[in-house]
Visitor: 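Here it is: the structure, laid out below.
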Amino acid sequence: MEPNTGQTASTNRTGESTRIFISHVKQYFNSLPLFSLSVIAITWLIGLADVLGRVSPSQTNLVSQWLYLSANKVLYGLQGHRILLYPLASPGISLLLTNTLLALPYMAAMERKQGTVRLAWLLISLYTCAIGLAYVILISLFSSIARYHSCAGLSAWTVALAVWSAMEEEAEGQSNDRMLFGVIHLPGKAMPFLIIAFYFFLVPDTSLVLHVLAAGTAYCYFKKRIPARLLPSEDTYRHYQSRPWLEHVTGNPRFISMDAASSGYLPIHNNSANVASAHSPSGGFPGQGRRLGDE
């Protein structure tokens, strides 16, 4: 019986496609900066630990039950650590995967552009603690029912990074348009609104209040509406990344220093190109054209 050459060729093509896909995934993760990779790894470790807890007799999240943000637990349980740690809490494997796919590209791009220390400080202080504290205050003042609602995961970071990235790319004149399903053209500035709408309509367990606070904070930061005395200077970031107790972090090849972040994103256009074009002949090539084959 002769072998089915068509089926063999199809199997070979499938295997080759799978190897190429795995190679691209490995290359992508190998190129991720330190903070972005660390955050995603920690959230997935916590998510997998929670899965083990849910299949155990206790049927509870082993780790996330101590991390998620709840106004009731912060105010009456005196568990202030939740304001800092709620992005690491697992909202469930499906939403964890969604948050990873949405947040990781923004986070990695911003870390390469801003540096590891600056991005870590901004995400932890502004886009975690500041909006978490504001969320607890607003919920405690205006909604007694929402005090028992819990917030977990990287959705607030996703919204903040989307707003920040869109505004920065627009200010730099970069083309940040997107294609939805490869067919529908979307302007880059619409992406933050689509992400907020996605979480609001399709992920009911997330908080619209927290997402609006994240978007507003990112807007204020980009527009320099936050007082400068509340934000570290460039020298402060460089001072902290040179501290001896951070040598194990700064020595990691995935670490993006302030100097590397600044030098890696120089403007594409420069004055020398404009000067050269200004002095070039306006009439094009000064000689006479001749086609090949002409005598």
Visitor: For residues Lys113 and Ala261, report the shortest heavy-atom separation together with the two atoms involved.
Guide: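 Residues Lys113 and Ala261, closest heavy atoms: O-CB, 3.5 Å.
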Visitor: Ignoring hydrogens and angles, tell me if any N or O in the side chain of Thr128 forms a donor-acceptor pair with the backbone of Ser125 under 3.5 Å.
Guide: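 Flag not set: sc Thr128 to bb Ser125 has no pair under 3.5 Å.
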Visitor: Distance check, rounded to the nearest 0.5 Å: Leu138 atom CG versus Ile131 atom CD1?
Guide: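 Here the interatomic distance stands at 11.5 Å.
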Visitor: List the atom of Leu246, the atom of Tyr240, and the distance in Å for their closest heavy-atom pair.
Guide: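 Heavy-atom minimum between the residues: CD1-O, 3.1 Å.
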Visitor: For a quick test of reading the model, state the closest non-hydrogen atom pair linking Ala162 to Pro192 and the distance between them.
Guide: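 Minimum heavy-atom contact is O-CG, 3.5 Å.
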Visitor: Does one hydrophobic cluster hold both Tyr76 and Leu78, with members joined at side-chain heavy-atom distances below 4.5 Å?
Guide: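 As far as the 4.5 Å side-chain criterion goes, Leu78 and Tyr76 are not connected within one cluster.
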Visitor: With hydrophobic residues grouped by side-chain heavy-atom distances under 4.5 Å, do Val203 and Leu194 end up in a single group?
Guide: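 Yes, same cluster.
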Visitor: Where do Leu62 and Ala49 come nearest, in terms of heavy atoms and distance?
Guide: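 Looks like CD1-O, 3.3 Å.
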Visitor: Kindly say whether Met258 contributes a backbone atom to a donor-acceptor pair with the side chain of Gln241 at under 3.5 angstrom?
Guide: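 Yes: the side chain of Gln241 pairs with the backbone of Met258.
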Visitor: Determine whether Phe193 and Ile195 fall in the same hydrophobic cluster, where Ile, Leu, Val, Met, Phe, Trp and Tyr are linked whenever their side-chain heavy atoms lie under 4.5 Å apart.
Guide: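 As far as the 4.5 Å side-chain criterion goes, Ile195 and Phe193 are not connected within one cluster.
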Visitor: Of all the heavy-atom pairs spanning Phe35 and Leu123, show the shortest one and how long it is.
Guide: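 So the minimum-distance heavy-atom pair works out to CE2-CD1, 3.5 Å.
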Visitor: Examine Leu161 and Ile226 and state if one hydrophobic cluster contains both, with Ile, Leu, Val, Met, Phe, Trp and Tyr joined whenever side-chain heavy atoms are less than 4.5 Å apart.
Guide: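 Yes, one cluster joins them.
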Visitor: For the backbone of Val39 and the side chain of Thr43, can you confirm whether one donor and one acceptor N or O come within less than 3.5 Å of each other?
Guide: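 Flag set: sc Thr43 to bb Val39 pair under 3.5 Å.
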Visitor: Say whether, by atom type as modelled, one donor and one acceptor occur between the side chain of Arg254 and the main chain of Leu32 under 3.5 angstrom.
Guide: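 Yes.
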Visitor: Using a 4.5 Å cut-off on heavy atoms from C-beta on, say whether the side chain of Tyr237 contacts that of Thr116.
Guide: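 No; the side chains remain at least 4.5 Å from each other.
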Visitor: To the nearest 0.5 Å, tell me how far Leu133 CG sits from Leu213 CG.
Guide: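 Going from CG on Leu133 over to CG on Leu213, the span is 10.5 Å.
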Visitor: Can you check whether Leu69 reaches Val136 side chain to side chain, under 4.5 Å on heavy atoms?
Guide: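 Leu69 reaches Val136 side chain to side chain.
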Visitor: Could you check if a side-chain atom of Leu34 sits within less than 4.5 angstrom of a side-chain atom of Glu111, using non-hydrogen atoms only?
Guide: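 In short, these two side chains touch, coming nearer than 4.5 Å.
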Visitor: In this structure, which one of Leu104, Asn99, Leu97 forms a side-chain contact (heavy atoms from CB on, under 4.5 Å) with Leu101?
Guide: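 Single pass found, and it is Leu97.
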Visitor: Could you give the distance from CG (Leu231) to CG (Leu126), rounded to the nearest 0.5 Å?
Guide: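 Between atom CG of Leu231 and atom CG of Leu126 there are 6.0 Å.
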Visitor: Check whether the ring centres of Tyr199 and His211 lie less than 6.0 Å apart, and answer yes or no.
Guide: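 Yes, close enough.
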Visitor: When you measure from the side chain of Glu170 to the backbone of Lys189, do you find a donor-acceptor pair of N or O atoms at a distance under 3.5 Å?
Guide: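 No.
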Visitor: Taking the inter-plane angle between the rings of Tyr127 and Trp164 on a 0 to 90° scale, is it parallel (under 30°), tilted (30 to 60°) or perpendicular (over 60°)?
Guide: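 Correct class here is tilted.
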Visitor: If hydrophobic clusters are built from ILVMFWY residues whose side chains come within less than 4.5 Å, do Tyr221 and Val212 share one?
Guide: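 Shared cluster, yes.
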Visitor: If you draw a 6.0 Å radius around OH in Tyr28, do more than 12 non-hydrogen atoms from other residues or ligands fall strictly inside?
Guide: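 Yes, enclosed.
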Visitor: Who pairs with Ser64 by side chain to side chain donor-acceptor pair (under 3.5 Å), at least two apart in sequence or on another chain?
Guide: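 Partners of Ser64 under the side chain to side chain donor-acceptor pair (under 3.5 Å) test: Asp50.
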Visitor: Going through the checks in order, is the side-chain hydrogen bond (donor to acceptor under 3.5 Å, both in side chains) test met by Ser155 and Thr158?
Guide: CA-CA 5 Å; Ser155 60; Thr158 304; over 6 Å; no
Visitor: Measure the CE-CD1 distance between Met107 and Ile40 for me, rounded to the nearest 0.5 Å.
Guide: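 Here the interatomic distance stands at 4.5 Å.
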Visitor: Atom CG in Leu210, atom NE2 in His149: separation rounded to 0.5 Å?
Guide: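 Answer for the CG-NE2 pair, Leu210 versus His149, is 8.5 Å.
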Visitor: Checking Ser140 side chain against Ile137 main chain: does a donor-acceptor pair fall under 3.5 Å?
Guide: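 Present.
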Visitor: Quick check against the 3.5 Å criterion: does Gln114 have a side-chain atom that pairs as donor or acceptor with the backbone of Met110?
Guide: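 Here the side-chain-to-backbone pair does not exist.
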Visitor: Quick one: does Tyr86's side chain get under 4.5 Å of Pro91's, heavy atoms only?
Guide: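 Side chain of Tyr86 against side chain of Pro91, heavy atoms only: no contact under 4.5 Å found.
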Visitor: Please round to the nearest 0.5 Å and tell me the distance separating atom OH of Tyr106 and atom CE of Met191.
Guide: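 It comes to 4.5 Å.
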Visitor: Could you tell me which non-hydrogen atom of Ala152 sits nearest to which non-hydrogen atom of Ala89, and how far apart they are?
Guide: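 Scanning both residues completely, I find the closest heavy atoms to be CB-CB, 3.6 Å.
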